[in-house]
Amino acid sequence: MRRLLVASLLALSASGAFAAEIPGLPKISTERREQLVRDGFRYDKLPPELRARIDQDETQRLCTEYRNEPPPEVAAHIEKLARDSIVFPQDGNFLGDWKKGEALSLNGYGLRMGDDPKRQVGGNCYACHEMSPTELSYGTLGPSLKAYGKLRDYDREAIKEAYIKIYNPNATVACSTMPRFGTNKILSIDDIRHILAFLFDPESPVNRAE
Amino acid sequence: MRTTLASIAVAAGFITCAWAQSENPVEEYRRLLADPFANPGYLFVDRGEVLWHQKRGPKNASLEQCDLGLGPGVVEGAYARLPRYFPDADRVMDLETRLIWCMVHLQGFDEATIKKTAFSKRGGQSDMEALVAYVAEKSSGMKFEIPLEHPKEKEAYALGEAVFYRRSSYFDFSCSTCHSQDGRRIRLQELGNMTRQQDAARAMTSWPTYRVSHETLRTMQHRMWDCLWQMRMPDLDYGSDLSVALIMWLTKNAEGGELAVPGIKR
């Protein structure tokens with residue numbers, strides 16, 4: 001309840017900043033908004049792969065509708081959709097090569113218009129997270145992941161939780177800011193294993209430097 | 001020219017560093033802005049002025065009768081009042097869609113061709129970029145004032161806001177993912193919180209802008225295309241109602257901000 005109250009206060013202060021001061025703004029229906037968006041990308045002329053980038057799936061639709069603050073029942077539904085989408089490594093092995101994981105964490109290439117589809121798509125974790133303390137070019141949209149494995153005693157449950165977070169962050173935080181790397185087929189299971197090694201290998205710079 | 005560009009690159013680097021360290025780069029930035037020799041954006045302003053007065057196109061006409069919202073031929077202050085509703089087109093237009101309108105109706109140019117060539121290649125030249133620079137500079141020092149009187153203006157604003165929060169594509173990004181919190185960065189790039197007047201004003205009053213990394217002047221339509229490209233969306237249709245709605249929302253939020261253009265950025 002307390003959380004809900006805080007969340008709704010936040011939502012009010014975030015969205016009401018301007019709209020509240022402007023009289024006579026029309027309410028925009030979902031249909032009207034979607035029509036505008038489709039027209040803005042000339043949807044009718046696009047191949048299916050590009051149309052799919054415009055069409056919203058259920059999670060995107062709900063998170064848009066509630067501006068990322070879904071009420072508890074909706075949040076529970078989004079979290080269930082996320083959990084049901086997760087595929088775990090068949091051999092039960094979560095850790096790959098931390099050096100490959102470091103490269104994937106730095107790499108922001110891929111899936112933009114004009115990008116070469118044959119090149120490796122990156123995870124671009126540094127866009128939002130601090131990871132190795134030696135890399136100073138990191139963003140602040142997400143929490144710091146410095147010493148991530150070390151702080152968790154390289155615990156197997158923590159590794160599994162991190163796998164889930166990367167595969168689909170909504171499994172624990174409905175409407176997370178973080179992309180659904182596994183569910184949305186941005187990264188493969190092997191890619192995620194390499195990144196997990198970057199976070200959890202004791203030899204990884206994430207855990208070694210001060 | 002070479003030394004000028006090099007010194008800009010250094011100065012722009014200085015600005016980025018200074019921001020990252022939260023120092024106050026305003027003095028240096030103002031100096032650069034005000035110095036027509038330091039900001040290559042002014043070359044675009046000059047070329048735009050020539051293009052504005054030149055008789056061109058199948059109808060061999062200039063743009064001198066183009067109505068940017070303050071009456072035919074009035075350029076001064078027009079950019080500070082855009083986007084707005086235009087009865088002749090029966091739609092809300094930003095500067096770029098209005099320039100297309102005038103180039104088509106007064107000069108007889110082909111709309112599809114204008115749209116296709118609006119963004120220049122690196123180091124290249126586009127008539128649109130030059131015209132935008134010329135018109136916008138004539139509002140430099142003035143404050144954005146967007147009254148939102150016409151129902152279609154109100155609708156464009158509301159649509160822009162609705163789209164700002166819309167999530168889609170591979171990364172589930174919306175504009176709000178990156179632009180609705182204070183003081184955040186993506187890698188080292190500072191992200192303005194466009195739901196706040198202060199940040200929206202800082203952004204909108206500095207466009208069109210000379211982008212050192214693009215070696216050309218870029219317009220707000222280009223910035224919209226660029227952010228949507230980062231969001232892994234298909235190419236935004238230049239001048240679409242979607243682009244105008246986003247620009248309307250951003251500009252209204254920036255109301256009161258004083259234009260200082262052409263800007264100069266990374």
Side-chain angles (χ1 to χ4, degrees), chain A residues 14-15 17-19 22-28 30 32-34 36-43 46 50-57 59-61 63-65 67-68 108 110-115 121 124 126-128 136-141 170 175-181 184-186, chain B residues 20 146 148-149 151-152 154-174 176-178 180-181 183-191 193 195-197 200 224-225 228-237 239-246 249 252-253 255:
Chain A
S15 66
F18 298 101
I22 301 168
L25 285 184
K27 233 188 115 44
I28 302 297
T30 304
R32 178 77 183 90
R33 184 193 73 215
E34 291 304 295
L36 180 87
V37 170
R38 285 176 174 216
D39 290 348
F41 295 104
R42 288 185 295 179
Y43 185 88
L46 294 177
L50 292 182
R51 286 187 182 184
R53 296 179 183 217
I54 294 169
D55 296 334
Q56 293 183 304
D57 71 7
T59 299
Q60 292 168 335
R61 191 170 52 70
C63 293
T64 299
E65 184 177 336
R67 294 197 179 169
N68 305 320
L111 303 171
R112 294 165 301 199
M113 298 299 287
D115 278 355
V121 173
N124 205 13
Y126 274 106
C128 300
L136 298 179
S137 174
Y138 62 86
T140 55
L141 286 172
N170 296 332
C175 301
S176 174
T177 304
M178 182 164 147
R180 295 171 285 172
F181 288 101
N184 285 4
K185 301 203 161 33
I186 302 162
Chain B
I146 310 293
L148 285 195
E149 272 151 14
K152 289 203 176 178
K154 289 191 166 70
E155 195 201 23
Y157 179 87
L159 282 168
E161 172 164 321
V163 173
F164 184 81
Y165 290 96
R166 181 186 188 273
R167 300 183 72 166
S168 62
S169 198
Y170 282 100
F171 288 179
D172 300 327
F173 282 166
S174 59
S176 68
T177 302
C178 296
S180 65
Q181 292 170 278
R184 299 300 168 114
R185 306 193 309 254
I186 202 152
R187 295 300 293 254
L188 288 182
Q189 283 168 268
E190 311 245 340
L191 297 165
N193 178 353
T195 70
R196 282 193 189 282
Q197 191 273 347
M224 297 297 96
W225 170 84
L228 287 158
W229 176 79
Q230 289 182 47
M231 291 162 74
R232 275 64 184 172
M233 293 297 279
D235 289 324
L236 174 66
D237 184 22
S240 57
D241 286 341
L242 170 60
S243 66
V244 174
L246 284 169
W249 185 77
K252 178 68 183 174
N253 291 354
E255 184 152 48

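Convention: sequence-line order gives letters A, B, ...; per-chain numbering from 1.
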Pi-cation contact, A:Tyr138 with B:Arg185 (under 6.0 Å, within 45°): yes
Part of B:Thr177 lying under 4.5 Å from any heavy atom of chain A: both
Region of B:Leu148 that comes under 4.5 Å of a non-hydrogen atom in chain A: side chain
Separation of B:Asp235 CG from A:Leu46 CG (nearest 0.5 Å): 9.0 Å
Side-chain (A:Arg53) to main-chain (B:Arg232) donor-acceptor, under 3.5 angstrom: yes
Separation of A:Asp57 CG from B:Asp172 CG (nearest 0.5 Å): 6.5 Å
Contact summary for A:Thr64 and B:Tyr165, nearest pair of heavy atoms: CG2-O, 3.7 Å
Partner chain A: residue of B:Asn193, B:Leu236, B:Val244 with the largest heavy-atom pair count (under 4.5 Å): B:Leu236
Chain B contact via A:Ile28 - side chain, backbone, both or neither, heavy atoms under 4.5 Å: side chain
Part of A:Thr30 lying under 4.5 Å from any heavy atom of chain B: neither
B:Arg166 vs A:Ile54 side-chain heavy atoms within contact, under 4.5 Å: yes
A:Asp39/B:Asp241 under side-chain contact (heavy atoms from CB on, under 4.5 Å): CA gap, chis, key distance, verdict: CA-CA 8 Å; A:Asp39 290 348; B:Asp241 286 341; over 6 Å; no
Side-chain touch B:Pro234/A:Tyr43, heavy atoms, less than 4.5 angstrom: no
Heavy-atom side-chain proximity of B:Glu161 to A:Leu25 below 4.5 angstrom: no
Contacting moiety of B:Phe164, where chain A heavy atoms sit under 4.5 Å: neither
Atom CZ of A:Arg112: over 12 foreign heavy atoms under 6.0 Å: yes
Distance in Å, A:Gln60 CD paired with B:Ser169 OG, rounded so as to fall on 0.5 Å steps: 7.5 Å
Contacting moiety of B:Glu155, where chain A heavy atoms sit under 4.5 Å: both
Donor-acceptor side-chain pairing of B:Arg187 and A:Ser137 below 3.5 angstrom: yes
Under 3.5 Å donor-acceptor, B:Gln189 side chain and A:Gly139 backbone: no
Smallest separation among heavy atoms of A:Pro26 and B:Ala158, with atom names: O-CB, 3.6 Å
Results of disulfide (SG to SG under 2.5 Å) for A:Cys175 - residues two or more places apart only: A:Cys63
Set of residues satisfying ring-ring contact (aromatic ring centres under 6.0 Å, His included) with respect to B:Tyr170, sequence neighbours excluded: none
Portion of B:Ser240 that has a non-hydrogen atom of chain A nearer than 4.5 angstrom: side chain
Nearest atoms (heavy-atom pairs only) where A:Arg33 meets B:Leu159: CA-CD2, 4.4 Å
For chain B, the option from A:Leu111, A:Leu136, A:Ile186 that forms the most heavy-atom pairs under 4.5 Å: A:Leu111
Main-chain N/O of A:Met113 paired to B:Trp229 side chain as donor or acceptor, under 3.5 Å: yes
Largest heavy-atom contact set with chain B, pairs under 4.5 Å, which of A:Gln56, A:Arg51, A:Arg61: A:Gln56
Side-chain heavy atoms of A:Leu36 within contact of B:Val163, under 4.5 Å: yes
Test log, rule side-chain contact (heavy atoms from CB on, under 4.5 Å), inputs A:Arg38 and B:Leu242: CA-CA 9 Å; A:Arg38 285 176 174 216; B:Leu242 170 60; over 6 Å; no
Proximal component of A:Asn68, with respect to chain B [non-hydrogen, under 4.5 Å]: side chain
Side chain / backbone / both / neither for A:Glu34 at chain B, heavy atoms under 4.5 Å: side chain
Chi angles and distances behind the side-chain contact (heavy atoms from CB on, under 4.5 Å) call for A:Asn124, B:Phe171: CA-CA 11 Å; A:Asn124 205 13; B:Phe171 288 179; 5.6 Å; no
Any B:Leu191 side-chain heavy atom under 4.5 Å of A:Leu141 side chain: yes
